[in-house]
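Input: a single structure, listed below in structure tokens.
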Amino acid sequence: MSGLTGFDLHGRSAVVTGAARGIGAAIACTLAKSGVGVVVADILDQEGETIAGALGSSAIFRRLDVTDEVQWRRVLDDAEATFGPLAVVINNAGIVDFGGVENESPAMFRHVIDVNLFGAWLGMRLAAPRLRVAGGGVIVNISSTAGLTGYSGVAGYVASKWGLRGLTKAAAIELGGAGVRVCSVHPGPIHTPMTADLDASVAAGQPLPRFGEPEEVAAMVGFIVTEATFSTGSEFVLDGGATAGMTLNVPS
Ligand code: NAD
């Protein structure tokens, strides 16, 4: 029986989308500590430069709108030229919509699907051939508990996150033979700029009645990348137990 070897990231490159702040920034920091060179990719130039600067020679910032194929190609080229063959892509960039099924504008619905789902597909489409050539790699798609259940008022977001979960499985099946693992991550409420307007009541009924921290998501992503070497097409949930069930305040 062979011993556990993990996935060696040294001399290889990673791209983390939406990495200028929030969960993506925490993932970039965690991966950089694993020895992989990280491209902090985002549409927020100043914040992205700050995160990459804090990581020193292990990271660079590159502007990337995930819906733009030309920018994706440039970012992947720069990742490989700077740090070595591509090993990891984290599709984390995401936006949330408001309005629900009846009131959301068609433009907003399309935009959410474009960033959260099409953008991740585009990244996978362009990264997969490089990961094949490199002999294998890992793609992690940051979905949500909104990809496991429904929520009111955020129809486009829910649709995009269910789509990303399904896309993960399709890609895992196609790429497994090339040694490329593809997994989805499903966080519950996490303290980031995206959730700044939500109050604590959102998490109150969870078995663990609190918001998570970006570093907790990053730790799971780091585990998937370096340790979960027999997992692909899998869903990794970190939601304070919310999808196990919520506490009901009924008379005892
Ligand atoms: P955030 O808003 O703090 O960060 C999202 C980042 O994505 C920002 O830096 C933003 O500039 C970037 N981004 C937006 N559109 C982009 C585009 N077109 N191209 C490239 N980058 C773009 O949000 P966050 O909470 O850190 O969310 C990160 C991911 O985690 C998202 O996919 C989100 O849906 C998911 N998520 C978040 C939570 C939560 O509670 N915060 C829960 C579940 C899932």
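Residue numbers run from 1 in the order of the sequence given. Whatever order the structure lists them in is the order used to number ligands and atoms, beginning at 1.
- Nearest-heavy-atom check against atom 31 (C) of ligand 1 across V96, T195, N92 picks out N92.
- Pairing each heavy atom of A59 with each of V40, the nearest pair is CB-CG2, 4.4 Å.
- Atom 9 (O) of ligand 1 has D42 OD2, 2.6 Å as its closest protein atom, hydrogens excluded (heavy atom only).
- S184 and T168 make their closest contact through N-CG2, 3.5 Å (heavy atoms, listed as atom of the first residue, atom of the second, distance).
- For the residue pair N141/S143, the side-chain donor-acceptor check at 3.5 Å is not satisfied.
- Residue P193 has at least one heavy-atom neighbour below 4.0 Å for each of these atoms of ligand 1: 3 (O).
- Here the closest heavy-atom approach between residue A159 and residue F109 is recorded as CB-CZ, 4.3 Å.
- Smallest separation of non-hydrogen atoms from F7 and G136: CZ-O, 4.5 Å.
- Scanning all protein heavy atoms for the shortest distance to atom 25 (O) of ligand 1 gives T192 OG1, 2.5 Å.
- Side-chain atoms of L175 and I139, non-hydrogen and from C-beta on, do get closer than 4.5 Å to each other.
- A heavy-atom distance below 4.5 Å is not found between the side chains of T195 and I190.
- Of the protein's heavy atoms, G18 CA, 3.4 Å lies nearest to atom 7 (O) of ligand 1.
- By the 3.5 Å distance cut-off applied to N or O atoms, I190 is counted among the residues near ligand 1.
- Remark: among candidates L64, L44, T17, I95, the nearest residue to atom 20 (C) of ligand 1 is L64, based on non-hydrogen atoms.
- Of all non-hydrogen atoms in L131 and V88, the two that sit nearest each other are CD2-N, 4.3 Å.
- Nearest protein heavy-atom neighbour of atom 23 (O) of ligand 1: M194 CB, 3.4 Å.
- Of the protein's non-hydrogen atoms, Y157 OH, 3.5 Å is the one closest to atom 33 (C) of ligand 1.
- Side chains of N116 and I95 form a contact here, defined as non-hydrogen atoms less than 4.5 Å apart.
- Heavy-atom proximity to K161, at under 4.0 Å, picks out these atoms of ligand 1: 31 (C), 32 (O), 33 (C), 34 (O).
- Counting heavy atoms under 4.0 Å from ligand 1, residue S143 touches it through the backbone alone.
- A heavy-atom distance below 4.5 Å is not found between the side chains of N91 and W121.
- Of the protein's heavy atoms, V66 N, 3.0 Å lies nearest to atom 19 (N) of ligand 1.
- For atom 1 (P) of ligand 1, the nearest non-hydrogen atom of the protein is R21 NE, 3.4 Å.
- Distances from atom 15 (N) of ligand 1 to the heavy atoms of I23, I43, L198 put I43 nearest.
- The protein non-hydrogen atom at the shortest distance from atom 43 (C) of ligand 1 is P187 O, 3.2 Å.
- Contact of the L31 side chain with the I90 side chain is registered, since non-hydrogen atoms from C-beta on lie closer than 4.5 Å.
- Classification of R130 and D77 as a salt-bridged pair holds, one side-chain N sitting under 4.0 Å from a carboxylate O.
- Closest non-hydrogen pair, G156 versus D97, comes out as N-OD2, 2.9 Å.
- Taking every non-hydrogen atom of G188 and a distance limit under 4.0 Å, the qualifying atoms of ligand 1 come out as 40 (O), 42 (C), 43 (C).
- Heavy-atom proximity to D65, at under 4.0 Å, picks out these atoms of ligand 1: 17 (C), 18 (N), 19 (N).
- Under a 4.0 Å criterion applied to the non-hydrogen atoms of A93, ligand 1 contributes the atoms 7 (O), 20 (C), 21 (N), 22 (C), 32 (O).
- Ligand 1 has no N or O atom lying under 3.5 Å from any N or O atom of T145, backbone or side chain.
- Within the listing of ligand 1, atoms 40 (O) sit less than 4.0 angstrom from a heavy atom of P189.
- Using a 4.0 Å heavy-atom cutoff, E47 is absent from the residues neighbouring ligand 1.
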